[in-house]
Novice: 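Sharing a structure here in structure tokens format.
Lettering of chains follows the sequences in order, A, B, ..., and the numbering in each one begins at 1.
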2 protein chains.
Amino acid sequence: MAEQTEAPRRTPLSRERVLRAAVTLADEAGIDSLSMRNLAQDLGVVPMALYKHVANKDELVAGMIDVVIDEIDPPLAGTDWKHAVRERILSARRVLRRHPWVSLAIESQQTATPAILAYLDSMVGTFRGAGFSVDLAHHVMHAMGSRTLGFSQELFDTARNAGRTGATTPAPPAALPAQFADRFPNLAEIAVVASHDDASVVGRGCDDQFEFEFALDLLLESIERLHQQGWTSSR
Amino acid sequence: MAEQTEAPRRTPLSRERVLRAAVTLADEAGIDSLSMRNLAQDLGVVPMALYKHVANKDELVAGMIDVVIDEIDPPLAGTDWKHAVRERILSARRVLRRHPWVSLAIESQQTATPAILAYLDSMVGTFRGAGFSVDLAHHVMHAMGSRTLGFSQELFDTARNAGRTGATTPAPPAALPAQFADRFPNLAEIAVVASHDDASVVGRGCDDQFEFEFALDLLLESIERLHQQGWTSSR
DNA sequence: CTCCAAGGTGTACGGCGTACGCCTCCGTCG
DNA sequence: CGACGGAGGCGTACGCCGTACACCTTGGAG
């Protein structure tokens with residue numbers, strides 16, 4: 001028993017460190033690999049030690065969400081509302097693409113976290129500050145839906161990918177399984193055209209970023225039109 | 001050993017019966033209560049018996065999704081695309097409100113199910129049949145996002161509910177906790193106005209159906225405008 | 001020097017999905 | 001009619017999961 005000295009003496013845990021390690025783990029190994037046990041192992045600690053810093057797993061995930069949401073840029077000052085909203089949403093999108101597990105985590109969670117509330121509140125504030133009525137601001141927030149947070153379900157992408165054969169085929173155009181093209185001719189047509197006309201994007205049928213901005217701008221322009229018309233509730 | 005006769009002789013399992021029981025269980029007890037064990041118990045059977053009819057839990061959920069998606073009305077024939085799309089999406093919304101677990105299940109699932117593919121394909125077909133270019137149909141599908149399936153994340157609702165005190169307060173107007181109104185003034189303002197001006201909806205701050213249709217119509221009108229302008233890709 | 005709280009540990013429980021082998025029917029066919 | 005074989009339900013068991021609870025260590029305050 002000569003060497004109780006020179007112990008590694010690792011830096012102590014903290015809520016901050018736990019949350020950051022959890023975000024990193026989820027980023028790198030996927031949200032399914034985020035278990036209290038795995039997380040504890042990454043931190044060189046026994047699972048139950050985590051419970052001194054987070055109440056339970058749900059609260060851990062809520063904390064992780066807040067960490068990520070706080071990465072979103074603050075609203076641009078000194079521009080029109082449309083530009084400010086657009087840029088902020090694109091910032092949110094960049095953040096959520098760095099942490100792909102977040103959108104699903106947000107939807108699974110039943111209650112909004114403080115950071116989400118603050119973000120939404122600030123977004124409403126931008127509209128209100130530009131002269132939007134409370135009603136219009138309200139409807140507009142609903143209309144944007146999850147796009148305010150930089151994501152919309154990419155289930156149409158999923159559908160497109162379902163036509164592909166393997167996991168990492170180099171995607172030669174028109175390499176759709178014949179069966180798929182047969183049963184879903186309209187989807188197949190889109191997949192073929194999309195993979196033809198942008199040769200720059202290799203292995204992807206379409207440009208998600210373009211699609212996201214397309215939909216975002218469509219909404220923003222509609223909203224602008226409502227606003228200019230002095231829209232008031234017609235319920 | 002006198003009574004091996006007169007056994008209850010329950011009707012045998014089948015994939016059909018398993019899926020239907022699973023949907024019912026998820027509807028009534030929530031998706032979190034859907035375990036192979038609970039489901040087996042509901043069917044009066046041992047858990048492993050289910051695996052003779054579904055490959056595993058993921059495949060079970062995929063089957064459940066398909067059962068639900070098939071409840072969506074077929075597209076209206078003999079009307080303009082706008083009306084057809086609108087009614088079909090509202091039908092999808094009605095279905096998904098009967099089965100609130102489905103939207104999350106769809107998003108969790110990484111691959112689209114056959115029924116979802118068929119539904120999306122048919123929707124694209126409606127646009128194409130109305131003279132939409134492949135490109136425009138593609139972008140439009142992205143723009144609609146999850147709204148095509150009758151849902152958009154109601155996280156703004158979640159935010160609003162976060163302002164409420166208990167679970168089932170009768171929601172007197174302006175009963176928001178002061179702390180909430182302080183930290184999120186813009187959200188609070190919306191909540192107050194919304195709960196003031198429709199006395200018909202008790203205990204709800206706003207009318208989800210109205211909000212959904214508002215956003216849907218906003219999109220449909222924008223899309224109509226693009227279509228009438230003979231929109232072509234500008235990438 | 002003592003105490004005490006904060007924080008890390010160990011054990012244990014009940015639940016989960018599901019692999020694997022068994023048994024029991026029942027329809028088919030020689 | 002008797003043997004057989006496969007479909008379908010059963011039992012056991014394994015390795016995960018979240019986390020309750022009691023314990024121990026440690027460092028700073030009194």
Novice: In whole angstrom, give the distance that lies between atom CG of Leu13(A) and atom C1' of dA6(C).
Specialist: 13 Å
Novice: Between His99(A) and Glu71(A), do the side chains contain a donor N or O and an acceptor N or O under 3.5 Å apart?
Specialist: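 There is such a pair between these side chains.
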Novice: Does His53(B) make a side-chain N or O approach to OP1 or OP2 of dA7(D) shorter than 4.0 Å?
Specialist: no
Novice: Can you name the side-chain hydrogen bond (donor to acceptor under 3.5 Å, both in side chains) partners of Thr148(B), sequence neighbours left out?
Specialist: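 Checked Thr148(B) against side-chain hydrogen bond (donor to acceptor under 3.5 Å, both in side chains); zero matches.
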Novice: Does the side-chain hydrogen bond (donor to acceptor under 3.5 Å, both in side chains) test come out yes or no for Thr113(A) and Asp66(A), once each step is laid out?
Specialist: CA-CA 7 Å; Thr113(A) 69; Asp66(A) 277 7; 2.4 Å; yes
Novice: Among dG8(C), dG17(C), dT19(D), which nucleotide sits nearest the side chain of Asn56(A)?
Specialist: dT19(D)
Novice: Please state how far atom CD in Gln41(A) lies from atom P in dG18(D), giving the value in whole angstrom units.
Specialist: 13 Å
Novice: Of the nucleotides dC10(D), dT18(C), dG18(D), which has the atom closest to the Lys57(A) side chain?
Specialist: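 Among dC10(D), dT18(C), dG18(D), the one nearest the side chain of Lys57(A) is dG18(D).
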Novice: Which nucleotide in the set dG8(C), dC17(D), dC10(D) lies at the smallest distance from any side-chain heavy atom of Asn38(A)?
Specialist: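 Among the listed nucleotides, the one closest to the side chain of Asn38(A) is dC17(D).
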Novice: For Leu43(B) and dG9(D), what is the distance between atoms CG and P respectively, to the nearest whole Å?
Specialist: 10 Å
Novice: Taking the six-membered ring for Trp and the full ring for Phe, Tyr or His, determine whether the centres of His142(A) and Phe210(B) are under 6.0 Å apart.
Specialist: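 They do not qualify: ring centres at least 6.0 Å apart.
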Novice: Find which nucleotide of DNA chain C each of Pro47(A) and Ala55(B) is nearest to by heavy atoms, and output the residue with the more 5' nucleotide.
Specialist: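 Per heavy-atom nearest nucleotide, the more 5' residue is Pro47(A).
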Novice: Can you measure Arg17(B) atom CZ to dG9(D) atom P for me and round it to whole angstrom units?
Specialist: 9 Å
Novice: Starting at atom CG of Asp32(B), determine the distance to atom P of dG17(C), rounded to an integer number of angstrom.
Specialist: 11 Å
Novice: How about Ile190(A) and Asn186(A): do any of their side-chain heavy atoms sit closer than 4.5 Å?
Specialist: no
Novice: Under the 3.5 Å rule, do the base of dG18(D) and the side chain of Arg37(A) count as making a donor-acceptor pair?
Specialist: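 Answer yes: a donor N or O sits under 3.5 Å from an acceptor.
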Novice: Take the protein atom CE of Met36(B) and the nucleotide atom C1' of dC16(C), then report the distance between them rounded to whole Å.
Specialist: 11 Å
Novice: Please state how far atom CG in Leu50(A) lies from atom P in dA20(D), giving the value in whole angstrom units.
Specialist: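 In whole Å, dA20(D) P lies 13 Å from Leu50(A) CG.
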Novice: Which protein N or O atoms sit under 3.5 Å from an N or O of nucleotides 20-23 of chain C?
Specialist:
none

Novice: Does the ring of Phe151(A) carry Arg93(A) above it, NZ/CZ under 6.0 angstrom from centre and within 45° of its axis?
Specialist: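 Pair Arg93(A)/Phe151(A) does not count as cation-pi.
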Novice: For Arg147(B), is there an ion pair with Glu213(B) - N to carboxylate O distance below 4.0 angstrom?
Specialist: no
